[in-house]
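Single-structure report; data block below.
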2 protein chains.
Amino acid sequence: MPTHDAESGSVSPRPKASDELRQIALEQFAAVGFAGASLQQIADEAGYSKSSVLYHYANKEALLEAAIGPAIDRLGALLQRYIDRGSSLEARTLFVEEFIDFLLEHRLEVYTFVNQGHSLRGIPVIDRANAFIVTLSHTVCDDNASTVEKMRFGVALGGATYSLVAGMDFLDADSLGPAEEVRAALIQLVGELLAPLALPA
Amino acid sequence: MPTHDAESGSVSPRPKASDELRQIALEQFAAVGFAGASLQQIADEAGYSKSSVLYHYANKEALLEAAIGPAIDRLGALLQRYIDRGSSLEARTLFVEEFIDFLLEHRLEVYTFVNQGHSLRGIPVIDRANAFIVTLSHTVCDDNASTVEKMRFGVALGGATYSLVAGMDFLDADSLGPAEEVRAALIQLVGELLAPLALPA
DNA sequence: AGAGTATTTGACCAATCGGTCAGAAACTGC
DNA sequence: GCAGTTTCTGACCGATTGGTCAAATACTCT
């Protein structure tokens with residue numbers, strides 16, 4: 001009996017419509033881009049009408065805000081904690097670990113704004129996210145660093161998000177082991193990339 | 001006299017329309033995605049009408065093929081030379097260098113298909129490109145490698161393309177030194193990532 | 001000059017875009 | 001049962017999408 005509703009548990013009580021729509025919108029935004037994703041297709045995929053989408057979310061931008069906003073806020077909090085903790089090598093190591101966990105939990109959100117942060121400038125939630133990334137880059141490595149040092153951050157960020165979302169295709173999807181191994185691998189690789197960086201002033 | 005036409009050189013003879021359109025289309029595809037880029041906007045940006053775009057290129061897909069196809073072909077040739085050369089450590093080091101140069105010369109092309117290769121499956125030029133990436137990943141690191149080893153390739157590819165295109169925004173654009181420094185930095189970082197990889201059988 | 005080709009364009013098309021609105025359901029508490 | 005609210009939907013809107021086509025312009029060659 002796969003369809004009983006009340007919250008007895010286990011057997012797929014249909015989730016709230018707004019949540020379904022938000023999740024599917026997120027997948028579409030990550031897959032075909034914000035501009036390329038249409039409200040109609042999001043509605044179809046979720047089994048609702050386009051009007052229903054616009055009932056739950058005032059417009060397309062509000063849907064984007066709902067899809068990635070909470071993750072952006074969590075990133076902001078994460079970053080603030082890191083800054084408050086002061087710059088030490090242990091603090092940075094801990095932050096890398098926390099950031100990878102954040103990335104694993106919000107891959108689609110991060111991938112979406114990391115790869116479209118430029119073209120979507122002007123949308124509030126995107127501007128918020130971009131500001132965080134700038135802060136993060138200046139926190140992990142200050143201005144007068146060498147070219148190769150400055151690029152370590154970009155390669156780590158882009159490499160991690162890419163290999164978690166887009167790279168899953170030709171990386172034989174899940175042939176690369178359980179989630180725990182992926183986590184450990186990312187922590188190691190990002191750690192390797194950032195290790196040679198001098199602590200900022 | 002900035003507008004004389006014959007090939008005397010130096011003073012901006014207006015390039016062929018098809019070339020202008022191809023270049024601007026490439027920039028749009030990289031910036032807002034294939035789905036998000038409209039023929040109208042490409043035409044406007046180039047100073048032509050939409051009809052002119054469709055005169056030079058049969059349809060939107062043909063424009064994508066023209067925009068990134070040649071780069072894909074060059075990648076295929078590059079990859080074939082690497083395979084023919086046999087798997088040795090020097091061969092791989094040389095390949096990394098060649099690949100970075102290829103990347104620097106075709107950043108927008110690579111960024112476009114690397115980040116949209118999944119959603120644009122079915123378009124011939126994209127399928128060609130995806131096949132090359134799969135081959136490349138299996139060439140640089142064989143199947144029975146560990147999780148972290150397999151992810152080294154993905155992080156290197158995604159990280160390099162990202163930091164060359166999208167990352168330029170908060171990396172203070174060109175504050176990271178002349179092109180030669182960027183090249184050296186990329187060779188070093190990708191080299192670091194791939195160095196621990198065992199040669200495939 | 002005039003014929004012939006290459007290029008450019010506007011008018012037009014069906015389909016889809018994001019978005020509005022009024023009303024049909026469905027669910028609530030009584 | 002019935003009022004009140006929440007949710008959902010179809011009809012509709014102007015704008016834009018990729019694409020067709022015939023006519024206008026520009027260029028080349030004799």
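From a predicted model like this one, the values you see are computed outputs, not experimental measurements. Per chain, numbering begins at 1; letters A, B, ... match sequence-line order.
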Q) To the nearest angstrom, how far is A/Leu54 atom CG from D/dC13 atom P? A) 18 Å
Q.
Whether B/Ser49 contacts C/dT9 is assessed here as follows: a side-chain N or O lying under 4.0 Å from the phosphate OP1 or OP2. Is that the case?
A. yes
Q: Nearest whole angstrom, please: distance from the P of C/dT9 to the NE2 of B/His56.
A: 9 Å
Q: May I ask you to say whether A/Asp19 pairs ionically with A/Arg22, meaning some side-chain N is under 4.0 Å from a carboxylate O?
A: yes
Q) Roughly, in whole Å, what's the span from CD in A/Gln41 to P in C/dG18? A) 10 Å
Q. Does a side-chain N or O from B/Ser38 land closer than 4.0 Å to OP1 or OP2 of D/dT17, or not?
A. yes
Q.
Just to be sure I understand the rule, does B/Ala37 reach a base, reach only the sugar-phosphate, or reach nothing, if contact means heavy atoms closer than 4.0 Å?
A. sugar-phosphate
Return all side-chain donor-acceptor pairs below 3.5 angstrom for residues 50-57 of chain B, not counting sequence neighbours, or 'none' if the list is empty.
from    : atom 1 : to      : atom 2 : distance (Å)
B/Tyr57 : OH     : B/Ser18 : O      : 2.7

Q: Taking all heavy atoms of A/Tyr111 and all of A/Ala30, pick out the closest pair and write down the distance.
A: CE2-O, 3.6 Å
Q) Would you say A/Ser51 reaches D/dC8's phosphate, i.e. side-chain N/O to OP1/OP2 under 4.0 Å? A) no
Q) Nearest of D/dC8, C/dG18, D/dG10 to any side-chain atom of A/Leu39? A) C/dG18
Q.
Nearest whole Å is fine: how far is D/dC27 C1' from B/Tyr55 OH?
A. 12 Å
Q. Going by atom types alone, do A/Glu98 and A/Tyr82 pair a side-chain donor with an acceptor below 3.5 Å?
A. no
Q.
Rounded to whole Å, please give me the gap between CG in A/Asp44 and C1' in C/dT16.
A. 12 Å
Q) C/dT8 C1' sits how many Å from B/Tyr48 OH, rounded? A) 9 Å
Q.
What is the separation between atom NZ on A/Lys60 and atom C1' on D/dT16, rounded to the nearest whole Å?
A. 12 Å
Q: With DNA chain C as reference, determine whether A/Ala35 or B/Ser52 sits nearer its 5' end, using the nearest nucleotide of each.
A: B/Ser52
Q. Do B/Glu90 and B/Ser88 have a side chain donor and acceptor closer than 3.5 Å?
A. yes
Q.
I need the CD1-P distance between B/Ile42 and D/dG19, as an integer number of Å.
A. 11 Å
Q: State whether the distance check finds a donor on one side and an acceptor on the other, under 3.5 Å, for side chain A/Lys50 versus base C/dG18.
A: yes
